[in-house]
Every structure is written in structure tokens, then in C-alpha cells.
Amino acid sequence: MSGTMGKLELIQTLLGHEGRVWDVCWHPQGNTLASCGEDKTIRIWGREGSKWANKTILADGHQRTIREVAWSPCGNYLASASFDATTAVWDKKSGQFECNATLEGHENEVKSVAWAKSGHLLATCSRDKSVWVWEVADDDEYECAAVLNAHTQDVKKVVWHPHLDILASASYDNTIKFFKEDVSDNDWICIATLVSHESTVWSLAFDSTGTRLASCSDDHTVKIWQQYLPGNTEGIMTPGNEPVWKCVCTLSGYHSRTVYDISWCHNTGLIATACGDDIIRIFKEVEDSDPNEPSFVLYHACHGAHTQDVNSVMWNPAVPGLLASTSDDAEVKIWQFTD
Amino acid sequence: MRVKMLHSLIQKSKVLFGVKNETPVLGNETCSQAFENAVEATTQNCQSSVLDEEQLKGNEEFRDTIYDHIRNIRDPEKPATLEDLNVVYEDGVMVSDDISVLNAMIKPSTEDDVRVVRIEFNPTVPHCSLATLIGLCIRIKLERNLVDKFKLDIFIKKGTHSTEEEINKQINDKERIAAAMENPDLRDLVEGCIQEGD
């Protein structure tokens, strides 16, 4: 297979941002999209008939580049992480989107923000090398539950496990770390460090079961990690009675530049990547491949998806095959993938 | 005639730069294998008359344009240009698909033939932040002035700096660069170095 299976059709190009667009995030219900970038704005797009249109522009929320936006699982809140070292939380309770909470504490640029599925935890990470876990109290109150200084460099991304309150982080120190709350003393601890990438790990994506993780890196590869629980039949040791994660597949030779983002569709199982060579790639697991040694093929490669680096990709959580992407070329694009 | 010239150029480069089997460079290919593949691909191109004198000339002009932009960048510390101080030099500018650099560990053009520009520089002082600053100036100057599409990698000359890997990583991380350029003091410093004219 040479990346020519299926069809990735451009549905619409969303114009409006000025300069680099760093991130895009679909609303959990699938009919709204938020994007953010170096123009310090968040743009919210919604469906109007068969087209997507700009609904709101949130300016003045941040003083510097907005690096990532994330909708809460309930869909009522939008968090934004900024180079101005703050994380803003927006909601529409008043009828209009307003910033009703600002999370401060990081020493410098906040790179990523993510909501736990359970809905009462938020995580942020920064160039200050730390990962912060916040507890959502009532009425727009956020309390810092933990400051985790496990990484030795800039932390690029945080993602929560799809079902459990387990947090994964990706760093400039080339590693991925897992964190969870220790029940005995309510302290958050680092329970795993995944070492294999040879350069900065830019992003992460869990599969729908949460037993697999995909990571992408400046080393031009994508790695697939498999969870092994204590008592596993494969004979993998699990010290400290914690699950162990092993790299079971490395996709190399496909990306010619840094891979900035990765998204694993929980509906179709397809993996999409955003790369600095302007290409969006879609990978598919080979049917019946050994779970301990899976095979993935490059299913589709969309050349010139953008005219500059692709910074982010995300599969729509509700509509199978619908994909959003953003780029240094200031554009946000919506695509439909069909097999 | 052109094919013969090309072949001879490639063979000379290979000898000059001593291509041998080293640790894998691209995926599982060794350096030598990658080189052979590149030679094969280029030869095939030649035979189908794709790579011709005009293209070679185009690459050369592109390299000259790039060098013209970076040679006059002022050194952050000394009242001299990067060229004066031999921090940047013509040979330090490499463009993918350029015959003269097939032998080097140049990353190939992207699949869509967007040129990859690789710039090597030699910081005068083994001071980490100054070297980073120079790398930043080179990048910003080119990103602002080059019209053609390109991807850019900037590296310190091997063996000239104890923390060269750290510096190289920083000056090629676009998120770090973007954040740095939002710092007004740093931005002013860079602007001061890259401003055209006296």
C-alpha cells in the first residue's frame, strides 16, 4: 500500500485567522469546532446548513499566542492554553462566551490543556517542565491538585486516558510519562516513563480502549505503545504492580519532517498525523495483526494538504471520517475521509 | 554529455566526503545505502532529462539568494557581520537536490519537492545563548525574506561547541522559536541584528 487507499475530500477551508493556527478541537457533539493560534484569538465555527461558518471570535482572552484549546467532555466549557503562561476557561452561561476562570501558576508558556473524561479534572503543561493537575470545584473554581516535576525539559502535550483518571504527557526530553493519583495518600505520582523516541515527543493519542497509545515525534516517527497489566499472559514484568507500556510498533520512513500531532479515531480506528512536510497521513492497522506486534500501513497520504506545516489534526468524535486540520498557512480545513 | 558530467561530479563528491557504512541515518538505511539510492534516483532523473542545467542553475541561484540574506546579519556582540566573522560562509548553505551535497547527511526534499535548506554556522564564541541567538537571527531573516517555499534546518558546525546538540534542538524547535520571538527584549535584539542597511 502506498498511501493511495480511500479518499480524503476537502469539505471546506475556514479562513479568518492571521498567522499560524496551532490547534483545532471538535466539540464532543461534533457540530462545533474551536481553533486558536498566534493571532491570540479563538475562533468558533458551527454548521450552517451544509457549510461551516464562523460563529464567534474570542479576542482579549490572552496576551500571547494561544497554543491549544480543549472542550470539556460535557461540552459546556472551553479551555485555552497560552504562551502568556495562563489557561483560560470559557463558558456560555451568560448567553455569550466569556472567560470566567483563569488558571495561573506556570512560570512560562503553557503548551497544552486537557479535560479528564470524568469531568472534574483538568491538566496543563508548560515549558517550565511541569505538569499541573487541577480539580474542578463548583462555580468556576479551580484548585491546583498537583504540580508534577517529573520531566527534565519542556512538556509539549497532556492527554487523559479515555476512561480513567490517568494522565499522559509528552516532552522535549524525548519521553512520555504517565501519572495517576495514589489512592493511599491522594498524591499524584509518575507511574511510568516511556523511552524510545530519539527526539521531542510532540503529541499523543489513546485508542478507544485506552490500552494503546500512539505518539509522534521530531524524530519523524510514530510509535504505538501497548499496555501490559499486572498478571499479563505475555510474561511482561510489572514492577510496583503498575501497568507497563511497551513500544510494539514504530512507523518510520513515512514522515520526512517533524510530526506535530496525531489523532486516533475512536470510531474507525484510523490514525491521522500532522507533519511539517505539509502532508496529512492516515494509517490503518492491518487486520488480524498480532496485538503484541501490530502492523500499521500508510493507508492514505494527502500531499499538499496545506501549503505549510500541518500543526494539528483531530477526528470528529461524532461523525466518522470527518477530520479537521490546521496549519502555519493560517488555514483550518475540514475533510471527509471515505474508504 | 550531461549525464557523464553528473556521474563524475557525484563520484568525486563521494570520494571527497568519504561516504562509508555508518550507523543508520534514515530508518534502516545506512548512510552509504542512502547515498547509493540518491545516486540511482538522480541518474534516473538525468536519463529522463528531468534534472538539467537550468535546474542546477536554479538551485545555485537559490543558494546565492539565501547566502545574500544571511551574510549581512550583524553579530549580536561585535560590530561586524556574520560573514566578516566567518560565522556563516557560502559552503554552509545547502539545498536539497543540490548535486554538491548529495553526499552530506542532507535530508531529502519533502515528498512534494519542497526544498529543504540546511545552514551550518560556526559561532565565534562557545557561549550557548549567543549561538542560539545567531541561529534565531538566521531563521527569522530567511523566513521573512525568502519568497519561495522551503523548509529550514540550522545547525552548528560539528565539533565547535560542547552543547551543540542542545543548541541545534532549540533553534529547530519552531514552538520555542515562536515563543522566544514573542519576548519583546529578545525580539528587539534579533531585529537589531537582521535589519538591512546601516
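Labels below follow one simple rule: chain letters A, B, ... track the order of the sequence lines, proteins then strands, and each chain is numbered from 1.
Counting non-hydrogen atoms of neighbouring residues, nucleotides and ligands closer than 6.0 angstrom, the NZ atom of A/Lys7 reaches no more than 12 such neighbours. Atom CG of A/Asp60 is surrounded by 12 or fewer heavy atoms from other residues, nucleotides or ligands within 6.0 Å. Environment of NZ in B/Lys141: crowded, with over 12 heavy atoms of neighbouring residues, nucleotides or ligands closer than 6.0 Å. With a 6.0 Å radius and a threshold of 12 heavy atoms from other residues, nucleotides or ligands, B/Asp91 has its CG atom at or below the threshold. More than 12 heavy atoms of other residues, nucleotides or ligands sit less than 6.0 Å from atom CD of B/Glu143. Heavy atoms from other residues, nucleotides or ligands lying under 6.0 Å from CD of B/Glu166 number 12 at most.
Atoms CG and CH2, from B/Asp173 and A/Trp202 in turn, are 4.0 Å apart once rounded to the nearest 0.5 Å. Atom CG of residue B/Asp153 and atom CZ of residue A/Arg257 lie 4.0 Å apart, to the nearest 0.5 angstrom. Of the inter-residue distances, the one linking A/Thr65 atom OG1 with B/Met181 atom CE reads 12.0 Å to the nearest 0.5 angstrom.
Salt-bridge check for A/Asp218 with B/Lys169: failed, with every basic side-chain N at 4.0 Å or more from each acidic carboxylate O.
With a threshold of 4.5 angstrom between heavy atoms, A/Asn311 approaches chain B through side-chain atoms but not through N, CA, C or O. There is no contact between B/Glu165 and chain A, counting heavy-atom distances below 4.5 Å. A/Tyr260 touches chain B through its side chain: at least one heavy atom from C-beta onward sits under 4.5 Å away, while N, CA, C and O do not.
For the side chain to side chain donor-acceptor pair (under 3.5 Å) criterion with B/Glu175, the lone passing option out of A/Arg67, A/Arg20, A/Arg127 is A/Arg67. Partner of B/Lys151 under the side chain to side chain donor-acceptor pair (under 3.5 Å) criterion, out of A/Asp309, A/Asp277, A/Thr258: A/Asp309 alone.
Of all heavy-atom pairs between A/Thr307 and B/Lys149, the closest is O-NZ, 3.4 Å.
For the options A/Asp84, A/Asn108, A/Thr200, heavy-atom pairs under 4.5 Å to chain B are most numerous at A/Thr200.
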